[in-house]
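This report refers to the structure that appears directly beneath it.
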2 protein chains.
Amino acid sequence: MATDSVSSPSPRPTLRERKKQRTREALIDTALNLFTQQDFDSVTLDELCDRVEVSKRTFFRTFASKEEVAMAPYEDMWKAFIDELETLPVAAECSILQVLQDAVLAAMRTMNTGDWAHRLLSCTRLAGRTPAIEAHCLYFCGVTVRAALDVLHRRFGLDPHDLRPRLALDILVAAFHRALEAWADRPQDPTVEHLATDTLAAFAAIPGSLTFTGVPPANRAG
Amino acid sequence: MATDSVSSPSPRPTLRERKKQRTREALIDTALNLFTQQDFDSVTLDELCDRVEVSKRTFFRTFASKEEVAMAPYEDMWKAFIDELETLPVAAECSILQVLQDAVLAAMRTMNTGDWAHRLLSCTRLAGRTPAIEAHCLYFCGVTVRAALDVLHRRFGLDPHDLRPRLALDILVAAFHRALEAWADRPQDPTVEHLATDTLAAFAAIPGSLTFTGVPPANRAG
DNA sequence: ACCACCTTGCCACTGAGTGGCGTTTGCTTT
DNA sequence: AAAGCAAACGCCACTCAGTGGCAAGGTGGT
């Protein structure tokens, strides 16, 4: 289920595994195409499975739901984020929020293979117009945030009742979603570096969101 | 669909409407009981509809999904929040985030009727252990945040590209969810005033979440 | 009392998701 | 290289959420 290409050197992860990965990617690719051309709800899983020549039973052994296949590229990035969070070296007086931001940036750069950026773009736009996918996405974020919270507690000794690390994570996710939104609205072909730029811009807007009054017409967002 | 008891004086909102409200509340009440005693997934809608003596068709005319009936009390509060946001008088140099916090507090106090608090408690605990409900809840929050953002733009003239108001809303929701979590863990009978206390505590933790380093063992959360 | 309309109940249907079981296919051991 | 093992797959039948259509009952207005 997880991409184990990162943590293990694995010169060749056994044929069986490769086949599994191949069907997984075929499913993702075909699903993204179908959902984009037609509509998420109007595409049936039978239709998708016919295209990929896979039984519906196999689909559900690979993905837990119809929504999951649509958000797989997005989810892969957050899994990489967890990995980064476990291994990232941290400067002593760095704020937790800063550490989290670094981990997100690092995670998205590990995804810079194949045309992950294009797939993520499809994900994002699908999530933007499909309630079921958006709901699933947000739930997944909740799970990821809890996992990340565990890592934080393990790496730094934190008070289990302190709300601040959890809030920092929620803010991180919220800001990243703003970045995705902006990135998906770009006219040009999307690249990981553009996404990094938009992400930094969203992060920069965080401090002001607590204090700004909105009465003066417009200060700068950063 | 919305509770129109707030906006209209309505001495008696016509018999037809009252009947509708009665079935709606019977469905919510019975659903909350069933989902709590048994399990959300193991309770079928046929079972629920049998208890309330209502056809499944009618259920879906009242609620859009099985998850929605479980989160109805929660959703009602956020609808009240939107109303508050439209009407709340605001001091001139008050930060937007402060306005939002006031609106949340005001909204939960308008809910202080019947045993809304108990129903909200059931909601919260259900959402905490049922993925499908949590997903629906988070999606609903997303919709509500967008609606609130519209109100903010209407009441204060905001730059449409400014990320800060949206981030402030996301932070608000995140903090409120922490408050709900703490509130649901209280041993005593839950009251709206306790919820208000926990909400204020969660709001107080927001500023620190941007800056704390986590290296010193434990500062105070507030 | 009448009519118009809103709401409900019933029926049939689609599609997601699950469990069971027999079969294929890749991996391993000798 | 053949046999044995385990993992993955395909097929079948099933449950249940959710939808559309249409007829019947209750409600509000005249």
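Please read all numbers here as calculations on a predicted model, not as lab measurements. Below, all heavy atoms of this structure are taken into account, side chains as well, without hydrogens, waters or symmetry copies. Note on naming: letters A, B, ... go to the chains in the order of the sequence lines (proteins, then strands), and numbering restarts at 1 for each one.
The distance from atom CZ of B/Arg22 to atom P of C/dT7 is 15 Å, rounded to the nearest whole Å. The CG-C1' distance, from A/Asp50 to C/dG15, rounds to 14 Å in whole Å. Straight-line distance from the CG atom of B/Asp41 to the C1' atom of D/dC16: 11 Å, rounded to whole Å. Between A/Glu47 atom CD and C/dT14 atom C1' there is a gap of 14 Å when expressed in whole angstrom units. Rounding to whole angstrom units, CZ of residue A/Arg18 and C1' of C/dT25 are separated by 14 Å. Atoms CD (A/Gln21) and P (D/dC9) sit 11 Å apart, rounded to a whole Å. Atoms CD (A/Glu68) and P (C/dG17) sit 10 Å apart, rounded to a whole Å.
End-to-end axis angle for the helix from C/dA1-D/dT30 to C/dT30-D/dA1, using five pairs per end and rounding to 10°, comes out at 30°.
Note on ring orientation: taking the six-membered ring where Trp is involved, the planes of B/Phe140 and B/His136 are parallel (angle under 30°, cut-offs 30° and 60°).
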Item to complete: Could you walk me through whether B/Thr197 and B/Arg186 pass the side-chain contact (heavy atoms from CB on, under 4.5 Å) test, one step at a time?
Response: CA-CA 12 Å; B/Thr197 303; B/Arg186 282 175 179 261; 4.3 Å; yes
Worksheet item: Hey, mind stepping through A/Met108 and A/Phe176 against side-chain contact (heavy atoms from CB on, under 4.5 Å) and telling me if it holds?
Response: CA-CA 11 Å; A/Met108 78 175 63; A/Phe176 180 67; 3.8 Å; yes
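Side-chain contact check for A/Asp189 and A/His194: no donor-acceptor pair (N or O, by modelled atom type) lies under 3.5 Å.
In terms of modelled atom types and a separation under 3.5 Å, the side chain of A/Thr14 and the main chain of A/Glu17 share no donor-acceptor contact.
A side-chain contact (heavy atoms from CB on, under 4.5 Å) with A/Lys56 is found for exactly one of A/Leu48, A/Asp46, A/Asp50, namely A/Asp46.
One finds a side-chain N or O of A/Thr58 lying less than 4.0 angstrom from the OP1 or OP2 phosphate oxygen of D/dG10.
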Discussion item. For nucleotides 18-30 of chain D, give me one character per nucleotide, 5' to 3': B if any protein heavy atom sits under 4.0 Å from the base, S if the only such contacts are to the sugar-phosphate, - if neither.
Written reply: BBBB----BBS--
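Nearest approach of B/Ala196 to B/Leu105, heavy atoms of both residues: CB-CD1, 3.7 Å.
The closest side-chain heavy-atom distance from A/Arg24 to A/Leu27 is not below 4.5 Å.
For A/Phe40 and B/Val54, each mapped to the nucleotide of DNA chain C holding its nearest heavy atom, the one lying further toward the 5' end belongs to B/Val54. Residue A/Thr23 is the one, among A/Thr23 and B/Val43, whose nearest nucleotide of DNA chain D lies closer to the 5' end (criterion: closest heavy atom).
Taking a 6.0 Å sphere around CZ of B/Arg51, one finds it holds 12 or fewer heavy atoms contributed by other residues, nucleotides or ligands.
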